[in-house]
Amino acid sequence: MSAALKYTLGRIGLFVAVLAALWLTELDLFLKLILALAFSAAASYFLLRGWRDEMAEEMAAAAERRRAEKERLRSALAGDDDAERPEPPASSK
């Protein structure tokens with residue numbers, strides 16, 4: 001499972017857990033939702049730190065791969081990279 005999916009499901013789970021705890025109170029529904037959002041965000045900052053860091057590392061690695069691929073394509077288009085230039089497709093007559 002990807003780190004982003006784990007973190008997202010963790011955030012949703014925390015929100016639902018806090019909302020369930022607040023459901024027993026005599027507050028307005030809108031206030032319950034706002035409080036659940038605020039408390040779950042604060043709790044996720046501490047409880048989900050590992051998953052958040054893992055997700056950030058995954059995103060940084062993906063960005064670096066995209067940056068490297070973009071640079072490789074730019075150099076190939078500029079003609080600087082003759083060894084890795086793809087062969088043109090064969091024409092059918």
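Only a predicted model underlies this, so the values are computations on that prediction, with no experimental measurement involved.
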Next item on the list: Could you name each residue pair satisfying side chain to side chain donor-acceptor pair (under 3.5 Å) that touches residues 33-47, not counting sequence neighbours?
Entry: R11-S44
Next item on the list: Given side-chain contact (heavy atoms from CB on, under 4.5 Å), test K70 with R67 step by step and report yes or no.
Entry: CA-CA 5 Å; K70 184 178 178 180; R67 192 174 10 262; 5.7 Å; no
Note to self: Restricting to non-hydrogen atoms, name the atom on A4 and the atom on M55 that form the minimum distance, rounded to 0.1 Å.
What the structure shows: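 Taking every non-hydrogen atom into account, CA-SD, 3.5 Å.
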Notebook entry, point to check: What's the shortest heavy-atom distance between L22 and A36, and which atoms?
Noted result: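 What the structure gives for the nearest pair is CD1-N, 3.6 Å.
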Using 0.5 Å steps for rounding, measure from the [atom1] atom of [X] to the [atom2] atom of [Y].
| X | Y | atom1 | atom2 | result |
| --- | --- | --- | --- | --- |
| D53 | L48 | CG | CG | 11.0 Å |
| E64 | R66 | CD | CZ | 10.0 Å |
| L33 | F15 | CG | CZ | 5.0 Å |
| I12 | L19 | CD1 | CG | 13.0 Å |

Margin query: Using the rule side chain to side chain contact (heavy atoms under 4.5 Å, CB included), only one of V18, L27, L24 pairs with K32; which is it?
Written below: L27
Notebook entry, point to check: Is it the case that one hydrophobic cluster holds both W23 and F30, taking links as side-chain heavy atoms less than 4.5 Å apart, direct or via other members?
Noted result: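 No, W23 and F30 fall in different hydrophobic clusters.
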Note to self: Test of understanding: clusters of I, L, V, M, F, W, Y form through side-chain heavy atoms closer than 4.5 Å, transitively. Do L47 and W51 belong to the same one?
What the structure shows: yes
Notebook entry, point to check: Is it true that E69 and R72 make a salt bridge, defined as a side-chain N closer than 4.0 Å to a carboxylate O?
Noted result: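 Answer for the salt bridge query: yes.
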Check: Where do I34 and F39 land on the side-chain contact (heavy atoms from CB on, under 4.5 Å) test, with the steps shown first?
Finding: CA-CA 9 Å; I34 296 298; F39 288 145; over 6 Å; no
